[in-house]
Amino acid sequence: MALPDTERILLGPGPSLIPPRVLRAMAAPVLSHLDPDFIPLLHEVGSSLRRLFRADDKALALATSGTGTSAMEAAVANVVADGMRGVVIVTGYFGDRLAQIFERYGATVRRIDVEWGRAVDPQRLRDELRREGADVVGMVHAETSTGVRNPIKELAAIVREHGAISIVDTVTSLGGHEVDLAGWGVDVAYSCAQKCVGAPSGIAPIAVAGPARHRLVKCRSFYLDLKLLEDYWVSSKYHHTLCTSLVYALREALLMIDEEGLEARWARHERHHHALAAGLDAMGLSLLPPAGERLWTLNTVRVPAGVDEAAVRRTLLNSFNIEVGAGLGPLSGKIWRVGLMGASSTHQTLLQFLAALEEALVLSGHPVPSGAGVAAASAALRPQLANA
Ligand SMILES: Cc1ncc(COP(=O)(O)O)c(C=O)c1O
């Protein structure tokens with residue numbers, strides 16, 4: 001079978017499209033992970049990641065070798081020890097995964113379970129911590145399974161008031177939504193490369209705020225031990241053979257973020273989300289979370305009654321070369337997950353998607369007003385395009 005030679009329009013929950021510049025960076029000659037010419041690149045990536053997370057100057061920022069789950073596990077493995085009291089806010093699939101990892105590392109976990117499709121009310125965390133306290137609290141900023149954004153600023157402040165340490169999943173927000181480690185007082189956050197950052201998966205950013213560094217525990221995992229990883233990232237002491245080509249890619253993606261400007265990048269994601277929402281609304285479709293709790297990066301669209309969810313996805317993929325995601329767990333068959341992240345968050349991809357979705361719905365026997373989605377989204381985008 002031949003390798004793909006047309007670009008899929010990646011509008012699922014990740015990976016997102018990778019800019020050609022980032023792909024080309026990976027074709028640069030391989031340097032070893034300890035090459036004196038490579039080390040400055042590594043240091044540059046560490047500093048850029050610190051800025052991307054908006055972490056303080058004393059923060060540790062690096063990337064684990066692996067996907068988002070490797071950084072997720074690293075966060076927990078370096079913070080949680082046997083017998084710690086953990087609280088995990090579970091607003092969907094990835095909150096549940098975080099709770100499972102807490103348990104694997106020996107925490108006794110109390111879950112704050114929230115209906116899928118809704119953000120947590122911070123009062124629930126306040127009540128839980130007042131009732132019993134906690135050593136560590138885990139939460140997901142951007143819940144990719146439901147399209148919900150949790151109010152991390154408020155939640156992190158509550159965790160601080162109670163003297164616990166916070167671990168925040170920013171896998172679907174970093175580079176697309178505001179993330180402000182220092183400003184929000186978050187202790188540990190992790191992410192991935194393949195969504196809003198714009199690089200391939202396989203290398204995953206993580207940051208530990210300066211004031212939280214002394215609270216790291218002896219890590220049970222050798223591979224994910226942040227102290228050993230710091231020895232490599234900062235002092236060039238061999239730990240494992242980092243894939244330098246992935247570091248090239250991540251560096252290029254981070255350069256592109258700097259060139260665009262972080263605030264401008266958040267605004268781009270916000271703009272395209274609102275244009276999508278306007279287009280869907282004009283087509284008679286709706287998003288799962290209430291306005292105000294929605295992600296800009298990952299949109300969960302309710303499947304209309306009587307429509308075969310999988311058939312629509314198949315048409316989008318086979319006839320329009322567009323990938324969108326299916327629902328997970330209890331939302332399986334009920335939603336489509338449409339990612340507008342990184343290089344996938346453009347007016348072109350958005351208008352293509354709405355036109356293709358209209359056709360896929362018509363083919364599945366669910367007519368929608370002809371051209372209404374594209375027209376509404378175009379109207380929302382017009383002021384911006386007129387200024388371009
Ligand atoms: C919120 C969230 N956390 C963690 C992960 C795990 O990341 P990965 O699949 O890169 O291991 C994902 C993946 O989509 C995610 O969306």
Side-chain angles (χ1 to χ4, degrees), residues 10-18 49 53 63-77 79 88-102 104-105 114 116-120 137-152 155 166-179 186 188-207 221 223-224 243 246 249-250 253 269 288-289 293-300 323-329 331-332 335-342 344-345:
L10 296 171
L11 303 183
S16 60
L17 287 166
I18 298 179
L49 288 175
F53 277 111
T64 53
S65 290
T67 65
T69 307
S70 72
M72 190 177 201
E73 185 143 355
V76 178
V79 168
V88 180
I89 298 169
V90 180
T91 52
Y93 182 92
F94 291 101
D96 178 72
R97 177 176 292 192
L98 194 53
Q100 289 182 45
I101 300 177
F102 265 51
R104 282 176 186 241
Y105 281 88
V114 177
W116 284 37
R118 292 304 309 269
V120 70
V137 178
M139 58 189 83
V140 176
H141 185 203
E143 179 47 78
T144 323
S145 60
T146 63
V148 156
R149 172 163 38 143
N150 281 306
I152 299 301
L155 296 169
S166 56
I167 297 181
V168 179
D169 179 313
T170 63
V171 167
T172 298
S173 54
L174 190 72
H177 275 278
E178 180 179 11
V179 169
V186 167
V188 181
Y190 58 86
S191 191
C192 75
Q194 74 270 15
K195 300 193 198 242
C196 307
V197 172
S201 73
I203 186 155
I206 180 164
S221 159
Y223 199 58
L224 297 174
C243 175
L246 279 175
L250 180 57
H269 284 81
L288 177 70
E293 297 181 4
R294 294 175 184 160
L295 291 173
W296 305 331
T297 49
L298 195 282
N299 303 275
T300 46
E323 179 188 84
V324 300
L328 289 174
L331 294 174
S332 168
I335 56 166
W336 295 293
R337 292 187 299 149
V338 182
L340 296 177
M341 301 189 274
S344 296
S345 175

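Both counts, for ligands and for their atoms, begin at 1 and track the order of listing. Values in this document were obtained by computation on a predicted structure and should not be read as measured data.
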query: Taking only residues two or more places apart in sequence, or in another chain, which ones meet S344 in a side-chain hydrogen bond (donor to acceptor under 3.5 Å, both in side chains)?
result: none
- line: Residue set satisfying side-chain hydrogen bond (donor to acceptor under 3.5 Å, both in side chains) with S201, at least two apart, ordered chain then number -> none
Side-chain touch N299/W336, heavy atoms, less than 4.5 angstrom: no
message: Regarding E293 and R149, does a basic nitrogen lie under 4.0 Å from an acidic carboxylate oxygen?
response: no
Sub-3.5 Å pairs, protein N or O with ligand 1 N or O:
from, atom 1, to, atom 2, distance (Å)
ligand 1, 3 (N), D169, OD2, 2.7
ligand 1, 10 (O), G68, N, 2.8
ligand 1, 10 (O), Q194, NE2, 2.8
ligand 1, 11 (O), T67, OG1, 2.6
ligand 1, 11 (O), G68, N, 3.4
ligand 1, 11 (O), T69, N, 2.8
ligand 1, 11 (O), T69, OG1, 2.5
ligand 1, 14 (O), K195, NZ, 2.6
ligand 1, 16 (O), T144, OG1, 2.4
ligand 1, 16 (O), T172, OG1, 3.4
ligand 1, 16 (O), K195, NZ, 3.4

- line: H177 meets the ring pair (Phe, Tyr, Trp, His ring centres under 6.0 Å) criterion, sequence neighbours left out, with W296
- prompt: Has the side chain of R337 got a donor or acceptor atom that lies under 3.5 Å from a matching backbone atom of G147?
  reply: no
